[in-house]
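For reference, the structure is listed below as structure tokens.
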Amino acid sequence: MAANELPGALAGIRVVELAGEASAYAGLLLAGMGAEVVVVEPSDGHHTRGFDPFLNDEPDPERSLWWWHYNASKLGVTLDLGKEDDRDRFRSLVATADVVLESERPGRLADLGIDHDTLRADHPELIWVSLTPFGRSGPRSQEESIDLTVLAAGGPVWSCGYDDHAIPPQRGGGNQGYQTGSIFAVLSVQTALLARDRTGQGQFVDVNMHAAANVTTEFGSVQWLVAGDEVQRQTGRHAAVEPTTFTRALSVDGIDVNTGFPPRSARDFSVVVEWMESLGLRDQFEEFFFLEMGAQLEEDLHLSQVGQDPEVTAMFGAAREAVRFIAQNITAYEFFIGAQERGLAVGIIYSPEEVLADPHFKERGFPVEVEHEDLGRSFTYVGAPYIAPKSPYRIRHRAPHVGEHNQILEALS
Amino acid sequence: MKSEALSHIRICDFTGQLAGAGATRWMAAFGAEIIRIEDPVRLGKWDVLRGTSPFVDERRGHEFGGCFNNHNVEKLGITLNLRTERGKELLTEIIAVSDAVTENFAAGVLERLGFGYDRLKEIKPDILYVSNCGFGHVGPYRKYKTWGPIVQACCGLTFTSGLPDMPSAGWGYSYMDHHGGNFMAMAIMAGLIHRSRTGEGQWIDMSCTDAGATMLGPAVLDYTANGRPLRRDGMPNSNRSQFPAMAPHGIYEADGHDSWLALAARDDRDWNAIAGLMAIDDRRFDDLAGRLAYEDELDDAVRRWTSALDRFEAAAELQTLGVPAAGVAKPVDRIDNDPNTEAWGLWPTVTHGEMGRVRVDGIPAHFSETDWVLECGGPLLGQHNRQILGGLLGYSDADLADLAAEGVI
Ligand SMILES: CC(C)(COP(=O)(O)OP(=O)(O)OC[C@H]1O[C@@H](n2cnc3c(N)ncnc32)[C@H](O)[C@@H]1OP(=O)(O)O)[C@@H](O)C(=O)NCCC(=O)NCCS
């Protein structure tokens with residue numbers, strides 16, 4: 001069988017997902033791993049079908065690119081959970097499921113008589129994952145919340161922004177508060193499945209988005225937990241207790257790059273010397289002498305000596321400036337490739353669409369074509385987070401139309 | 001006490017820093033036996049976090065890195081010098097009794113050490129091997145080394161954070177090291193599930209930049225389907241809502257030093273509540289189209305109300321009206337003063353061999369039957385040599401003394 005036809009790691013696992021803004025990414029990842037994800041929405045379509053952007057900017061429940069992306073590889077059924085008949089169908093559907101994934105407000109499903117507590121007795125092997133802004137039972141569990149407030153209350157926003165603190169801190173794009181919660185929901189499903197292999201028992205998992213944001217801020221939390229220090233945001237680099245110097249440069253084509261850690265070893269200094277010379281920049285760089293000095297180092301520069309020992313400080317500063325100077329004199333892509341081929345870890349600041357055009361991502365098969373036979377064409381989507389040759393992650397097909405797979409429900413009765 | 005969820009799984013683990021260590025951290029919290037292997041010659045300092053700040057006190061050195069402790073809780077640590085034949089033999093014995101081998105060295109390092117996938121399979125035919133590096137093991141950039149900020153730059157995430165006509169603000173921390181670790185855990189568990197169904201191992205090639213790029217799907221589709229790039233005038237403007245459109249949607253000045261309030265109107269109902277509370281009476285803002293067209297003026301009007309108020313009190317007032325709002329939390333707010341993180345048990349205290357009792361990041365999911373346990377701190381260098389080489393592989397204390405004398409452990 002060709003690798004792209006092999007079943008995924010979760011083949012044979014049925015996930016029933018109640019359509020939700022925050023859990024959609026979790027369902028997408030599980031479906032990418034081969035689970036049969038049945039997304040349940042109301043008969044007039046879930047409200048996220050109203051999210052822009054729309055294909056050709058024409059609002060339509062079948063043209064939301066948001067819906068397309070997050071619901072690819074899933075099957076779609078419609079149930080109006082306000083109606084008893086449909087609740088019965090939901091119960092029958094759950095009876096066929098390995099996993100239920102939902103992001104309903106705590107209490108809603110209990111009020112409808114279709115929560116885990118009500119259904120567990122009949123399905124001891126069922127895994128039920130609930131994803132909510134603050135968890136199901138804490139004092140803040142009933143707060144109104146969206147991606148923005150999850151990230152503001154959970155720590156990420158405090159660490160992101162500009163050196164100038166008159167500018168508001170920033171919330172990075174892409175609904176990362178929801179997605180972070182979703183990622184932990186996926187890990188929870190997998191962990192509960194592995195546990196079930198051993199015990200035969202399912203369980204309930206309470207995933208908390210605010211907690212998820214809190215424990216994914218690196219130094220923002222650890223610095224406080226360990227040393228009681230508060231980090232401060234800085235333009236384009238890690239929020240830190242003590243200010244750090246720049247890591248950004250603007251290249252000649254107007255694209256930003258990340259210049260990484262400055263050289264510290266003789267090897268790194270020599271490659272910067274060689275690179276500057278080959279670009280003919282030597283004479284324009286006043287501190288070239290210190291780079292040549294660095295190339296003679298017997299031991300790596302120690303960060304603790306910077307600011308203490310004047311020679312070390314001069315070499316370190318020159319190296320940092322030299323890398324920036326190079327970046328300012330060539331294109332961002334030339335800089336990225338030129339530095340990395342020389343063993344210096346730097347990056348190009350791509351916008352999301354530029355990633356898909358990059359030759360590396362293409363060679364890995366990262367951009368994938370998804371057929372929309374209903375529109376008579378295909379579209380390019382982001383692909384797999386990893387390459388698993390025996391159990392590939394892949395987008396199996398386009399997102400479902402409203403009620404497209406309702407035959408799944410008919411088969412139940 | 002350990003969690004029972006993954007107690008049947010043993011991993012021969014070379015991961016470190018955060019992008020790798022985070023993967024086996026999750027699994028350790030759920031009871032998997034993680035045998036982390038470090039290089040005794042370099043005192044384990046390939047993992048730079050072993051000896052870098054934050055520190056609990058004035059002590060320094062490879063046993064005092066605060067992040068190392070945080071990222072390696074509940075793991076076992078052994079030392080093996082893989083430059084030696086004896087070290088390679090011991091590693092072979094560990095692999096033979098493991099379910100998976102995991103690493104986040106630069107691409108090709110493990111192969112150079114003599115343990116490429118072909119060799120791993122020889123040792124244990126159904127072994128799962130998961131490698132994780134910035135650009136994966138396939139593709140023209142496979143040799144490139146990365147740290148979190150480099151990954152974030154190259155996958156599009158850095159670009160999404162910031163203001164128009166300003167440099168990218170980016171992520172003020174290694175967001176993609178956390179999620180590099182989480183996606184790696186996903187890859188490991190997917191591989192283990194496949195193996196338990198089919199008996200088949202494999203080499204999963206994880207690339208942090210691929211993983212990061214999966215997190216920007218709608219923006220990418222807006223380009224591939226509509227031809228609208230995110231690199232365009234006026235974009236990004238990250239505190240505003242991208243998808244779906246909302247206004248107001250932002251982070252506004254509040255009273256006090258570096259104090260900020262996040263709030264948004266999801267719909268007209270939210271807006272009417274906000275307008276009533278803030279006494280904003282302006283017909284231009286009646287519907288979403290108007291609020292988006294005059295968003296600068298709208299933001300000014302909102303700021304006039306927020307700037308005089310305490311961020312938490314203002315958020316509470318908005319919450320009473322059913323409007324999503326939150327004060328931008330500083331570390332002290334969310335770690336020491338938030339009743340919800342406390343009720344969750346989000347900051348458990350672990351015991352580390354040198355640092356003593358230290359609080360660490362908890363796990364944002366609670367399991368009804370096999371919940372996580374975080375009690376032991378990150379391992380000291382070689383702390384579990386006796387438990388693993390003695391207990392698991394059966395070497396005597398005298399053997400261990402010889403191995404130490406020969407520079408193998
Ligand atoms: C993090 C990173 C940049 C560090 O680079 P580095 O310090 O040059 O380390 P490398 O991974 O290239 O190499 C590790 C070296 O330690 C050696 N080593 C590791 N464990 C060893 C052991 N137990 N015994 C002997 N040698 C060992 C390896 O053989 C290798 O040496 P070599 O290059 O001479 O073969 C790099 O490992 C990397 O790109 N990793 C993937 C991305 C990543 O996870 N980044 C960190 C994000 S938090």
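Keep in mind the model is a prediction, meaning the values are calculated, not measured. Order of the sequence lines fixes the chain letters, A, B, ..., with proteins taken first and strands second; residue numbering starts at 1 for each chain.
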Heavy-atom donor-acceptor pair, A:Q340 side chain to B:K145 backbone, under 3.5 Å:
yes

Below 4.5 Å from any heavy atom of chain B, which atoms of A:R120 appear? Answer side chain, backbone, both or neither.
side chain

Quick one: what part of A:D197 sits under 4.5 Å from any heavy atom of chain B, side chain, backbone, both or neither?
side chain

Best-contacting candidate, B:T224, B:I204, B:D205, against chain A by heavy atom pairs under 4.5 angstrom:
B:D205

Counting only heavy atoms closer than 4.5 Å, note whether B:A325 contacts chain A via side chain, backbone, both or neither.
backbone

Atom group of B:A343 that falls short of 4.5 Å from chain A, counting heavy atoms
side chain

Using non-hydrogen atoms only, which part of A:R196 is less than 4.5 Å away from chain B: side chain, backbone, both, or neither?
neither

Counting heavy-atom pairs under 4.5 Å to chain A, which of B:T160, B:N226, B:D222, B:T146 comes out on top?
B:N226

Under a 3.5 Å distance rule, please check whether A:E230 uses its side chain to pair with a backbone N or O of B:V332 as donor and acceptor.
no

So which heavy atom on A:H360 is nearest to which on B:R142, and how close?
CE1-N, 4.0 Å

Please determine, by modelled atom types, if B:R232 and A:S351 share a side-chain donor-acceptor pair under 3.5 angstrom.
no

Looking only at the side chains, is there a donor atom on one of A:Q170 and B:S238 sitting less than 3.5 Å from an acceptor on the other?
yes

At a 4.5 Å cut-off on heavy atoms, which part of B:F367 comes close to chain A: side chain, backbone, both, or neither?
both

Do the side chain of B:H178 and the main chain of A:E218 share a donor and acceptor less than 3.5 angstrom apart?
yes

Using heavy-atom distances under 4.5 Å, tell me whether B:R334 contacts chain A through its side chain, its backbone, both, or neither.
both

Could you tell me which portion of B:I335 (side chain, backbone, both or neither) has an atom closer than 4.5 angstrom to a non-hydrogen atom of chain A?
side chain

Is there a side-chain contact between B:C154 and A:I348, using heavy atoms and a 4.5 Å cut-off?
yes

Structural part of B:L163 lying under 4.5 Å from a heavy atom of chain A:
both

Side chain from CB out, backbone as N, CA, C, O: work out which of these in B:V360 comes under 4.5 Å of a heavy atom of chain A, or both, or neither.
backbone

Proximity breakdown for A:F134 and chain B, heavy-atom pairs closer than 4.5 Å
both

Quick one: what part of A:P156 sits under 4.5 Å from any heavy atom of chain B, side chain, backbone, both or neither?
both

Can any side-chain N or O of A:Q176 pair as donor or acceptor with the backbone N or O of B:M215 at less than 3.5 Å?
yes

With a 4.5 angstrom heavy-atom cut-off, could you sort out which part of B:L18 is near chain A: side chain, backbone, both or neither?
side chain

Contact class of B:Q152 relative to chain A, heavy atoms under 4.5 angstrom
neither

Side chain, backbone, both or neither: which part of B:C155 has a non-hydrogen atom closer than 4.5 Å to chain A?
backbone

Examine whether an atom of B:P236 lies under 4.5 Å from a heavy atom of chain A, and if so say whether it belongs to the side chain, the backbone or both; otherwise answer neither.
neither

Might you work through the side chain to side chain contact (heavy atoms under 4.5 Å, CB included) test for B:M166 and A:I167, ending with a clear yes or no?
CA-CA 11 Å; B:M166 299 271 292; A:I167 300 173; 3.6 Å; yes

For residues A:N214 and B:L346, report the shortest heavy-atom separation together with the two atoms involved.
CB-CD2, 3.5 Å

Which bit of B:M235 comes within less than 4.5 Å of chain A, counting heavy atoms only: side chain, backbone, both or neither?
neither

Under 4.5 Å from any heavy atom of chain A - which part of B:S3
neither

Looking at A:V205 and B:A365, what are the two nearest heavy atoms and their distance?
CG1-CB, 3.9 Å

Can you check side chain to side chain contact (heavy atoms under 4.5 Å, CB included) on B:Y141 and A:I337, steps first, answer last?
CA-CA 9 Å; B:Y141 307 160; A:I337 299 296; 3.5 Å; yes

Pick one of side chain, backbone, both or neither for A:T247, based on which atoms fall under 4.5 Å of a heavy atom in chain B.
neither

Which pair of heavy atoms, one from A:G135 and one from B:W344, lies closest together, and at what distance?
CA-CZ3, 4.0 Å

Side chain, backbone, both or neither: which part of B:S196 has an atom under 4.5 Å from a heavy atom of chain A?
side chain

Look at B:R231 together with A:E354 and state whether they make a salt bridge at an N to O cut-off of under 4.0 Å.
yes

